[in-house]
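Residue indices begin at 1 and follow the sequence shown. Remember, it's 1-based here, ligands and their atoms both numbered in the order they're listed. Quantities reported herein were computed from a predicted structural model and do not represent experimental measurements.
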Amino acid sequence: MKKLIIANWKMQRGYRESLSLAKELVKKLPKKTPNGAREIVLCPDYLSLSAVGDILKKTTLKLGAQDSAPADKGAYTGEVSPAELKKLGVKYVILGHSERRRHLREESLLINAKIKAALARKLIPVLCVGENLSQKEGGLAKKFLNEELRQALKGVKIKTAADLVIAYEPLWAIGTGQPIIPLEAEIINRFLTERAAMILSKKVRVLYGGSVDATNAGEFLKQKHVAGLLVGGASLRAAEFSKIN
Ligand code: PEP
C-alpha cells in the first residue's frame with residue numbers, strides 16, 4: 001500500500017494563506033510522486049476546507065478534515081457533520097488529536113462516537129494516540145496506548161484494512177522539534193499494528209507523527225511498520241513539505 005503523508009495545518013493558517021499554500025503545493029507535489037508512491041492529504045481548517053477542496057480537484061492530492069461530529073445532523077452547535085464532509089470530497093478525518101484531548105477535554109467515549117459516525121459516511125478516520133513524557137519515562141507507554149486504542153475502537157467495525165488509520169503521536173514529540181528515534185517508532189508502531197489487528201481483525205495502517213521534517217522523514221518512512229506520517233509544523237511551508245516523500 002502507498003505510504004500516506006498527512007498535512008495537519010491545525011489553526012495555523014487563515015483562509016487566504018491556506019489557499020495560497022494549497023496552490024503552491026499543487027504546483028510542487030504531483031511532480032514529486034510520479035508513480036503515485038505516496039498518497040498526500042491536506043487538512044486545512046474548516047473555513048478553508050471547501051475552497052482548498054476546489055483547488056485539489058483534478059490533482060493527486062486528497063482532502064482531509066481535522067475533526068468531525070459524532071452525528072450527521074441535529075442540535076450540535078459548532079460541530080460539522082461527517083455527511084457534509086463527505087459531500088465536499090473529504091477522504092480522511094483526523095480524530096482524537098492530542099490537542100483536542102488537551103484543550104477541548106475530548107475523551108475516548110466521544111472519540112469513539114466520532115469514529116463510528118465518520119465510518120458510517122465512508123470517511124477514513126485517522127485516530128491519534130500517544131503517551132505523555134511521564135508515561136514514557138515510567139515505562140507505561142505500551143500499557144497506556146493499548147488502553148487508548150481499546151477505548152477509542154470499542155465496537156468499531158471496518159470492512160477493509162484501508163478503512164481506518166492510526167497515528168502514533170507521542171505527546172512529548174509534537175511541536176517540540178524532538179521526534180522519537182525512528183527505530184523506537186518502529187517498535188511502537190508494530191505494537192499498535194498488532195493491538196489494532198486484535199481489536200479490528202484487520203491490519204490497519206499506523207502512521208508516525210511528532211516533529212517530522214524534511215531532514216528526518218526519510219528515516220521514518222524506511223521503517224516497516226511506519227505506514228506514513230502525520231506532519232504539523234513542517235507541512236506549513238510548501239518548500240519543506242514537498243521534500244517529505
Ligand atoms: C501534530 O500535531 O499532529 C504534529 C505531528 O505536529 P508537529 O509535526 O508540528 O510535531
>> Can you check which of E99, K10, Q12, E169 brings a heavy atom nearest to atom 3 (O) of ligand 1?
In response: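 Nearest option to atom 3 (O) of ligand 1, by heavy atoms: E169.
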>> Considering G233, C43, A173, G177 one by one, which has a heavy atom nearer to atom 9 (O) of ligand 1 than any of the others?
In response: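 Heavy atom nearest to atom 9 (O) of ligand 1 belongs to G233.
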Only heavy atoms of [X], strictly under 4.0 Å: list the atoms of ligand 1 that pass.
| X | value |
| --- | --- |
| G232 | 4 (C), 5 (C), 6 (O), 7 (P), 8 (O), 9 (O) |
| S211 | 7 (P), 8 (O), 10 (O) |
| G175 | 7 (P), 9 (O), 10 (O) |
| G210 | 5 (C), 10 (O) |

> So, for W9 and Q66, which heavy atoms are closest and what is the spacing to 0.1 Å?
Replying inline: C-NE2, 3.8 Å
> Has A234 got any heavy atom lying under 4.0 angstrom from an atom of ligand 1?
Replying inline: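 It does not; every heavy atom stays at 4.0 Å or beyond.
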> Taking atom CG of L221 and atom CG of L207, what is their separation to the nearest 0.5 Å?
Replying inline: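 Reported value, rounded in 0.5 Å steps: 10.0 Å.
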>> Measuring from atom CD of E131 to atom CD of E148, what distance do you get when rounded to the nearest 0.5 angstrom?
In response: 9.0 Å
>> I'd like to know if E106 and R100 make a salt bridge, using a cut-off of under 4.0 Å between side-chain N and carboxylate O.
In response: yes
> Taking it one step at a time, do N112 and K116 satisfy side-chain hydrogen bond (donor to acceptor under 3.5 Å, both in side chains)?
Replying inline: CA-CA 6 Å; N112 176 264; K116 288 175 180 165; 3.1 Å; yes
> Starting from atom 1 (C) of ligand 1, which protein heavy atom do you reach first, and at what distance in Å?
Replying inline: H97 NE2, 3.3 Å
> Does the pair E184 and Y208 meet the rule for a side-chain hydrogen bond (donor to acceptor under 3.5 Å, both in side chains), with working shown?
Replying inline: CA-CA 11 Å; E184 267 187 80; Y208 168 74; over 6 Å; no
